[in-house]
Amino acid sequence: MTFWEHLEQLRKVIFRALFIVLAIMVVLLGFKTFLFDSVVLAPLSGDFFLYRWIDAALGLLGMTSLSEFSLSLINVDLSAQFFTHLKITFYMALIISVPYIIYLVWGFVSPALYQNEKRWVRGSFVLASVLFYLGVLVGYSFVFPLTLRFLATYQVSDAVPNTISLLSYISSFLSLILIMGLAFEIPAVAALLSRVGILTKQILKKYRKYAVVAAMVLSAVITPSGDAFTMLMVALPLYFLYELSIILSKNSITNNDIDK
């Protein structure tokens, strides 16, 4: 195929991805109450499942339960609620569409690969889909709620109450769950690079001590609030992903691997 024919195929992939995202978005627009009350705004309530699990665990250990928690948001922008609805719906549709988008990308790149390369890349794409959803789940279930509870209840003085805006909440919510989703792609990338001989288990082990520092620095860059607690909540999973990358990587690539 010529350059322009490749470009035409890429254009089709992009338009198909946009179409499926918009189609899912249209469907989700009709589920506003469920989407916000049961999903997006659920961590605002003290009845959120993570808080109940922590209370149950503390009870088993004979420790005091978490303090009562309930947070109300305010809106100070006339159009904020309407555009927040559109924004959340778009990103939720994008998250749901990830497997199909990865399938489209696979269909675009697979004709250019050799048979052994197709096996490696196909496996990495499947792993990438699973890890992305796992990262989103970790971000939504643990990282964001704990960050929210810590920051929303922290005060420098009782004379300065916390009043959280809708836009601030949504910004932190989307940032953390999407960041965790993307961060969980690290093992898939490492596994693919190790299969083509660019990365090995020995190299990752050699730089393990630097990975700790890198995880802290990266968490400081990507966290929306920049506070130490949020940084730690993001840095710990990042380092865990580095260790998982070591497990998934090969010691070295051999001639037998290339011939398979």
Side-chain angles (χ1 to χ4, degrees), residues 17-18 21-22 24-29 31-51 69-98 101 131-156 160-186 215-238 241:
L18 287 175
V21 170
L22 291 176
I24 295 175
M25 183 178 175
V26 169
V27 175
L28 291 178
L29 284 172
F31 294 88
K32 181 181 69 174
T33 301
F34 171 79
L35 189 61
F36 280 87
D37 292 350
S38 301
V39 181
V40 177
L41 302 179
L44 293 172
S45 170
D47 195 45
F48 187 63
F49 67 88
L50 176 64
Y51 309 148
F69 176 75
S70 180
L71 185 65
S72 297
L73 303 180
I74 64 168
N75 176 48
V76 295
D77 191 325
L78 181 63
S79 60
Q81 298 210 41
F82 173 73
F83 285 108
T84 295
H85 184 197
L86 294 181
K87 184 176 182 179
I88 285 293
T89 306
F90 170 76
Y91 279 104
M92 289 299 177
L94 184 62
I95 290 172
I96 295 172
S97 304
V98 164
I101 293 174
L131 288 174
F132 176 79
Y133 282 121
L134 183 59
V136 169
L137 181 63
V138 170
Y140 175 76
S141 302
F142 296 97
V143 178
F144 177 72
L146 293 178
T147 300
L148 172 70
R149 191 177 182 113
F150 172 76
L151 294 179
T153 57
Y154 185 86
Q155 292 178 266
V156 294
V160 187
N162 286 325
T163 305
I164 315 299
S165 72
L166 174 65
L167 292 179
S168 175
Y169 177 89
I170 295 299
S171 176
S172 297
F173 176 84
L174 289 175
S175 296
L176 282 176
I177 65 171
L178 290 176
I179 283 170
M180 294 309 298
L182 293 175
F184 267 63
E185 299 297 314
I186 294 174
M216 295 300 296
V217 172
L218 186 58
S219 65
V221 173
I222 63 180
T223 49
S225 59
D227 64 282
F229 182 82
T230 307
M231 288 169 54
L232 183 62
M233 290 301 300
V234 175
L236 288 177
L238 287 178
L241 292 171

Side-chain heavy atoms of S97 within contact of I24, under 4.5 Å: yes

*Is there a donor-acceptor pair under 3.5 Å between the side chain of N162 and the backbone N or O of Q155?*
no

Between S165 and L73, the two heavy atoms sitting closest are O-CD2, 4.3 Å

Exercise for review: Count the heavy atoms of every other residue, nucleotide or ligand shown that sit under 6.0 Å from CZ of F49, and state whether that count exceeds 12.
Suggested key: yes

Nearest heavy-atom contact between V40 and M92 is CG2-CE, 4.0 Å

**Report entry** D77 side chain near N75 side chain, heavy-atom distance below 4.5 Å
**Finding:** yes

All heavy atoms of A17 vs all of I101, minimum pair found to be CB-CG1, 4.1 Å

> Is the shortest heavy-atom distance from the side chain of I88 to the side chain of L174 under 4.5 Å?
Replying inline: yes

Quiz item: Less than 4.5 Å apart, any side-chain heavy atom of L44 and any of L148?
Solution: yes

Nearest heavy-atom approach of A93 to L28 is N-CD1, 3.7 Å

Any sub-3.5 Å donor-acceptor pair from S171's side-chain atoms to L167's backbone N or O?
no

### Donor-acceptor contact below 3.5 Å, side chain Y133 vs main chain I95
yes

Here the gap from L94 atom CG to L22 atom CG, rounded to the nearest 0.5 Å, amounts to 10.5 Å

- [ ] Using atom types as modelled and distance alone, determine if a side-chain donor or acceptor of Y51 lies under 3.5 Å from a backbone N or O of P43.
- [x] yes

Can you confirm whether Y91 is buried at OH, in the sense that more than 12 heavy atoms of other residues, nucleotides or ligands lie under 6.0 Å from that atom?
no

What side-chain donor-acceptor pairs closer than 3.5 Å can you find for residues 134-145, not counting sequence neighbours?
unit_1 : atom_1 : unit_2 : atom_2 : d
Y140   : OH     : V39    : O      : 2.6
S141   : OG     : L137   : O      : 2.9

>> Within the structure provided, determine whether L86 and L29 are in side-chain contact (heavy-atom separation under 4.5 Å).
In response: yes

Worksheet item: Should L241 and E185 count as side-chain neighbours, where that means a heavy-atom distance under 4.5 Å?
Response: no

